[in-house]
Amino acid sequence: MLRFVSHKVTSRVYSTTTRSHVGSTASSWTTVVSALARSGVIDALHAAVELLNDGDKPDDTSSVMVHLLRVSGNHGYVSLCRQLHGYVVKHGYVSETRLSNSLMRFYKTSDSLEDAHRLFDEMPDPDVISWNSLVSGYVQSGRLQEGLCLFLDLERSNVFPNEFSFTAALAACARLKISWLGACIHSKIVKLGMEKGNVVVGNCLIDMYGKCGSMDDAVLVFRHMEEKDTVSWNAIVASCSRNRKLELGLWFFHQMPNPDTVTYNELIDAFVKSEDFNSAFQILSCMPNPNSSSWNTILTGYVNSEQSREATLFFTKMHSYGVRLDEYSLSIVLAAIAALVVVPWGRVIHSCGLKLGLDSRVVVASALIDMYSKCGMLKQAELMFWTMPRKNLIAWNAMIYGYARNGDSTEAIKLFSQLKQERFLKPDGITFLNLLAVCSHCEVPMELTLGYFEMMVNEYGIKPRVEHCCSLIRAMARRGDIWQAKKVIQEFGFGFDGVAWRALLGACSAGKDLKAAKAVAGKIVVLGEVDEDEYVYIVMSNLYAYHEIWREVSQIRKIMREKGVEKEVGSSWIQEQNVAIQL
DNA sequence: GTAGGGTTAG
């Protein structure tokens with residue numbers, strides 16, 4: 001028995017008319033299907049459900065089911081769709097590829113990628129559409145590696161990939177910045193003669209090369225495209241903006257026939273990235289149809305250039321101008337507020353989110369977790385985290401970071417083990433960075449810390465970055481194991497990275513180990529990175545002062561004065577705070 | 001009146 005409860009009360013026109021056609025099944029189903037295609041959707045669904053419950057089976061059941069699934073899926077009738085799936089199984093239509101494809105589309109659009117995948121696995125012969133649907137499902141929900149693995153499975157299967165398969169894979173390569181695979185796919189596209197005659201393929205290639213930092217290749221693809229649409233132009237302007245080629249971007253913009261809002265937003269982004277906020281404002285005030293994104297781009301620019309105060313002022317301006325605030329506006333301004341540590345403002349944005357119905361969106365909720373934990377309000381952060389309806393990895397990472405930042409290693413580790421139990425989530429490089437950070441400045445046994453590091457590399461295949469090694473260095477140095485820490489730097493090939501040595505210097509300084517600090521500072525001098533900031537000078541000067549070697553202290557102060565890296569009032573305290581938190 | 005794809009803000 002199927003049960004359909006629509007969102008609104010409807011008349012039963014269709015059910016009565018269809019009832020009168022006793023015996024003429026075909027015509028009633030034709031009525032239903034044509035109604036589904038045009039208007040009167042809800043009535044048609046009611047009629048269809050009644051027909052099915054009456055045991056009235058359409059001749060072309062799979063076609064009718066495809067229609068019903070599409071329409072009820074589009075209208076958000078999730079329960080009805082699942083029941084239709086049951087009907088399909090019960091009446092033995094599951095092995096029909098096009099019907100399964102319809103069901104897959106429903107599952108992936110209703111956030112049940114796992115159900116879509118399960119369905120795919122049960123299909124006797126999936127076609128290229130089944131494959132594309134699943135690959136794009138993974139790519140669109142941000143599970144890029146899994147999407148790419150599936151694409152590679154498709155390549156190995158007996159199904160032949162088409163343009164749609166390649167565009168989905170290229171999108172994943174772009175976001176993961178895997179240019180070599182992107183280039184492989186490009187050559188395959190050329191070999192198959194697909195690079196001409198399909199604008200979307202060209203657009204994806206421009207975007208992929210642009211995101212991978214290969215500006216020249218992006219331009220080359222753009223130049224060779226026979227047909228260009230607005231997206232092609234926007235993609236090339238975006239590539240210029242991303243790769244800091246403001247002049248080139250402007251040049252393309254002036255050639256462009258019909259710029260749209262996205263084009264102008266890209267230009268705003270290009271100016272903001274080169275910290276030319278005045279030009280960005282100018283575009284915002286002159287462009288034809290500014291939207292929330294146009295404003296958000298400037299807001300993001302302020303946050304990224306560490307002008308949090310300006311960001312909050314700009315947000316106020318957005319509000320007073322009546323700009324529609326979306327989930328991104330809220331999450332960006334929350335990042336600014338978190339940096340400024342102003343809880344009352346954070347609360348205002350929280351209630352703003354509640355009012356707009358955006359508070360449970362992943363970006364907003366994660367930003368709230370981050371803001372509350374940066375303001376030391378862990379209980380509030382926890383409340384946000386546990387009440388989130390769908391938690392993605394960003395939310396988990398934000399909460400682990402919250403514990404790490406507040407020095408609660410027990411809770412951080414507990415949450416990490418809970419994350420490991422999650423079926424569809426996998427810790428990433430950021431997760432381990434937060435976890436190792438908490439190990440490095442709390443009383444976590446060294447074996448456990450090393451265990452996490454090895455787990456990251458061996459179990460999850462994550463290549464350690466210099467930041468991961470810095471945490472390990474701090475953890476070792478904290479236990480006085482400066483020379484083992486030094487070995488870590490060299491073992492992982494970060495010997496030429498000033499960041500790693502600075503981390504070690506910080507560790508030496510915390511342990512008041514002057515001898516080791518002198519050696520490490522010497523290394524930084526050799527690397528030629530000593531003039532980058534006053535950090536090395538300040539650490540050494542403080543360390544000499546601690547050991548009461550005043551001659552060296554005044555010597556360093558003299559060098560600092562000469563080089564113009566004068567220590568500002570209070571900056572030493574800030575430095576120490578930074579060393580203490582170091583996340 | 002059958003199913004699948006791309007660009008911007010995070």
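Residue numbers begin at 1 in each chain, while the letters A, B, ... track the order of the sequences.
- If you look at A:Phe222 and A:Phe252, their ring centroids are closer than 6.0 Å.
- In terms of polar N and O atoms assigned as donor or acceptor, the side chain of A:Asp127 never comes within less than 3.5 Å of the base of B:dG4 in a complementary pairing.
- The interatomic distance linking A:Trp233 (CH2) with B:dT8 (P) rounds to 18 Å, in whole Å.
- OP1 and OP2 of B:dT2 both lie 4.0 Å or more from every side-chain N or O belonging to A:Ser63.
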Side chain to side chain donor-acceptor pair (under 3.5 Å) assessment of A:Asn101 paired with A:Asp127: CA-CA 9 Å; A:Asn101 286 347; A:Asp127 63 3; 3.3 Å; yes
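- Residue contacts shown for A:Arg105 are limited to sugar-phosphate atoms, with no base heavy atom under 4.0 Å away.
- Side-chain atoms of A:Val231 lie closest to B:dG6 of the nucleotides B:dG4, B:dT2, B:dG6.
- When distances are taken from the side chain of A:Ser136 to each of B:dG5, B:dT7, B:dG1, the shortest belongs to B:dG5.
- Side-chain proximity of A:Val128 to B:dG4, B:dT8, B:dT2: nearest is B:dG4.
- A salt bridge links A:Arg118 and A:Asp115; the closest N-O separation between the charged side-chain nitrogens and carboxylate oxygens is under 4.0 Å.
- Shown for residues 163-191 of chain A: residues whose heavy atoms fall under 4.0 angstrom of DNA chain B, namely A:Phe164, A:Thr167.
- Nucleic acid contact class of A:Asp207 (heavy atoms, under 4.0 Å, all strands): sugar-phosphate only.
- Ranking B:dT8, B:dT2, B:dG5 by closeness to the A:Asn265 side chain, first place goes to B:dT8.
- Put simply, CG on A:Asp60 is 10 Å from C1' on B:dG1, counting in whole angstrom units.
- In this structure, A:Met208 atom CE and B:dT8 atom P are separated by 14 Å, rounded to whole Å.
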Show, in sequence, the C-alpha distance, side-chain angles and deciding distance for A:Asp229 and A:Asn203, and conclude whether the side chain to side chain donor-acceptor pair (under 3.5 Å) test is met. CA-CA 9 Å; A:Asp229 62 7; A:Asn203 293 349; 3.3 Å; yes
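- Checking B:dA3, B:dT2, B:dG4 against the side-chain heavy atoms of A:Ser133 singles out B:dG4 as nearest.
- A centroid separation of less than 6.0 Å is found between the aromatic rings of A:Phe385 and A:Trp396.
- Within the 4.0 angstrom heavy-atom criterion, no nucleotide atom of any strand lies near A:Asn291.
- For the ring pair (Phe, Tyr, Trp, His ring centres under 6.0 Å) with A:Trp295, the lone residue among A:Tyr264, A:Phe314, A:Phe315 that qualifies is A:Phe314.
- Using a 4.0 Å cut-off between charged side-chain N and carboxylate O, A:Lys188 and A:Glu163 make no salt bridge.
- Between the CG atom of A:Leu68 and the C1' atom of B:dG1 there is a distance of 13 Å, rounded to whole Å.
- Among the protein residues, A:Asn198 comes within range of the nucleic acid bases, having at least one heavy atom under 4.0 Å from a base atom.
- In this structure, the CD atom of A:Glu227 is 18 Å from the P atom of B:dG6, given to the nearest Å.
- We find that OH of A:Tyr93 is positioned 19 Å from P of B:dA3, with the value rounded to whole Å.
- For A:Tyr372 and A:His350, the distance between ring centers is under 6.0 angstrom.
- With hydrogens and angles disregarded, a donor-acceptor distance shorter than 3.5 Å links the side chain of A:Ser305 to the backbone of A:Gly301.
- In this structure, the ring of A:Phe106 has its center no less than 6.0 angstrom from the ring center of A:His85.
- Within the 4.0 Å cut-off from OP1 or OP2 of B:dG5, at least one side-chain nitrogen or oxygen of A:Lys108 is found.
- The CG-P distance, from A:Asn74 to B:dG1, rounds to 14 Å in whole Å.
- Using a 4.0 Å cut-off, no side-chain N or O of A:Lys228 falls inside it from OP1 or OP2 of B:dT7.
- When rounded to the nearest whole Å, the span between CG of A:Leu148 and P of B:dG5 equals 16 Å.
- Of the residues in residues 303-335 of chain A, A:Tyr328, A:Ile332 come within less than 4.0 Å of DNA chain B through at least one heavy atom, sorted by number.
- Closest heavy-atom contact between A:Val49 and A:Leu80: CG2-CD1, 3.9 Å.
- The A:Arg70 side chain lies nearest to B:dA3 when the options are B:dA3, B:dG1, B:dT8.
- Contact annotation for A:Gln140: backbone-only contact, meaning every heavy-atom pair under 4.0 Å involves sugar-phosphate atoms and none involves a base.
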